[in-house]
Amino acid sequence: MSPRGWAVLSLVALTVALVVTAVLLIPWHRPPAPRADQLAALGDLPAEQVARSREFRSALRPAGWAAIALGLLVALALGLTPLGSRLVELAGRPFGGHWAAQAVLGGLAVVLVADLVTLPFAAWRQSVLTRYGLSTNGWSGWAADLLKSYAVSAVIGALALLGFYTVIRLSPRWWWAFGAAGAATLVVLLSFVLPVLVEPVFNRFTPMEQGPLRAQLMQLAARDGVPVRDVLVADASRRTRAVNAYVSGLGPTRRVVVYDTLLREATPAEVTAVVAHELGHAKDRDVPVGTLTGALGAAAAVVALYLLGSSGPLLRLAGVDSVAQPRAFPMLLALVTVAGLVSAPVQALMSRRVEARADAHALALTGDPAAFEAMQRRLAGINLADPDPPRWEYLYSATHPSTVERIAAARAHAREAGR
Ligand SMILES: [Zn+2]
């Protein structure tokens, strides 16, 4: 069988593995609370808070969608016309057009152009966050964060580009197979090292202060059977008033992180509800499962890019002879951009199901639906979340159940527990 035949077979196998993983490991059987209960929860929220949140979200919306639309347009313009390949050539010219210079500098140049075009919309977003009092870091802090994130992306991107095009040169016929394995490995590696190498670039993490709350949280984790070495506090207040918590990392790098803003704003019972939700993620292995689906998706993407990218019409549009050239990178990036936008609703749906399971875990673990509901109200109030966002936006991009869904679920839990 030809390498192309093997690639088709591998893509089918990876897609089947991805679907089987998603079907078996994502908690699909978790229908949202009835709409009537959600509307009742919405009616109980202060009307002015709901109005202000909606005003804030409406102010953010144009910048968000414009950035997505313009990002797509630029990716298509660079990838499906010879513009991008010329940019790659130009970036490699000072180095005699060496393939490594084209691969790394050309690749980064293409990504940078796409980033710079959407920069005004990022600034627009920041100005809205400032106007509504959510941002605390000022323009200099915002710019510093932006530069840091460019630097981090450039380092990771340069390594990935150099690795990818080295593999292509070493194995011109089977690079897609090694590339797929490499992409999957990179996803696992990143999930492992991000909390220790990248997150500290943006925030300082300190172990939670000794005291009754910390003791209570560690006890909660022990009762849950989730070994937690520590609860870390992130100095999120340096850039935002928003409250949040998360789990990240794998094995020895796994951690539960709470924002310092959360500790400042919420009652101990509410913080406990948040941490119980995060323990749910840890107990159900949501980070490893997410890493696994991400790794399978990345491997499938590389094989699909090889197959799609070899198509004559696409190559002609991009003005290149072969998908294996660094000059074809803008075309690959355009395909990845389209795939990301198309798959966003599926990823959001999977995320919402996983989040709903963590909520159910928190309710069962704490047995305190009242604190859970109070926490949801506070979260929505401070973060100016639309408690019941427009349906289309929810379906396309909501990674969490809406506030009214979460409150309705807590009330359903309370009813069931009281029975
Ligand atoms: Zn969560």
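Numbers here simply count residues along the sequence, with the first being 1. Just so you know, ligand 1 is whichever comes first in the structure, and atom 1 is the first atom listed for that ligand.
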Extract all donor-acceptor atom pairs below 3.5 Å that involve side chains of residues 7-21 and protein atoms in other chains or at least two apart in sequence.
unit_1: Ser10; atom_1: OG; unit_2: Trp6; atom_2: O; d: 2.7
unit_1: Thr15; atom_1: OG1; unit_2: Leu11; atom_2: O; d: 2.6
unit_1: Thr21; atom_1: OG1; unit_2: Ala17; atom_2: O; d: 2.6

request  = Count up the protein N, O or S atoms sitting under 2.8 Å from the Zn ion (ligand 1), would you?
outcome  =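 Protein N, O or S neighbours of the Zn ion (ligand 1) under 2.8 Å, waters not counted, come to 3.
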query = Got a donor-acceptor contact below 3.5 angstrom from the Thr185 side chain to the Ala181 backbone?
reply =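 Between the backbone of Ala181 and the side chain of Thr185 there is a qualifying donor-acceptor contact (under 3.5 Å).
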task = Without swapping roles, check the side chain of Arg378 against the backbone of Glu265 for a donor-acceptor pair under 3.5 Å.
result =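 Looks like yes, one N/O pair under 3.5 Å.
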ask   = How would you list, by chain and number, every residue that makes a salt bridge (charged side-chain N to carboxylate O under 4.0 Å, His left out) with Arg169, sequence neighbours excluded?
value =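 In terms of salt bridge (charged side-chain N to carboxylate O under 4.0 Å, His left out), with neighbours along the sequence ignored, Arg169 is linked to no residue.
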Partners passing salt bridge (charged side-chain N to carboxylate O under 4.0 Å, His left out) against Arg57 (at least two apart in sequence or in another chain) =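 Checked Arg57 against salt bridge (charged side-chain N to carboxylate O under 4.0 Å, His left out); zero matches.
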ask   = Hey, are Glu373 and Arg411 close enough for a salt bridge, meaning a charged N less than 4.0 Å from a carboxylate O?
value =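 Answer for the salt bridge query: yes.
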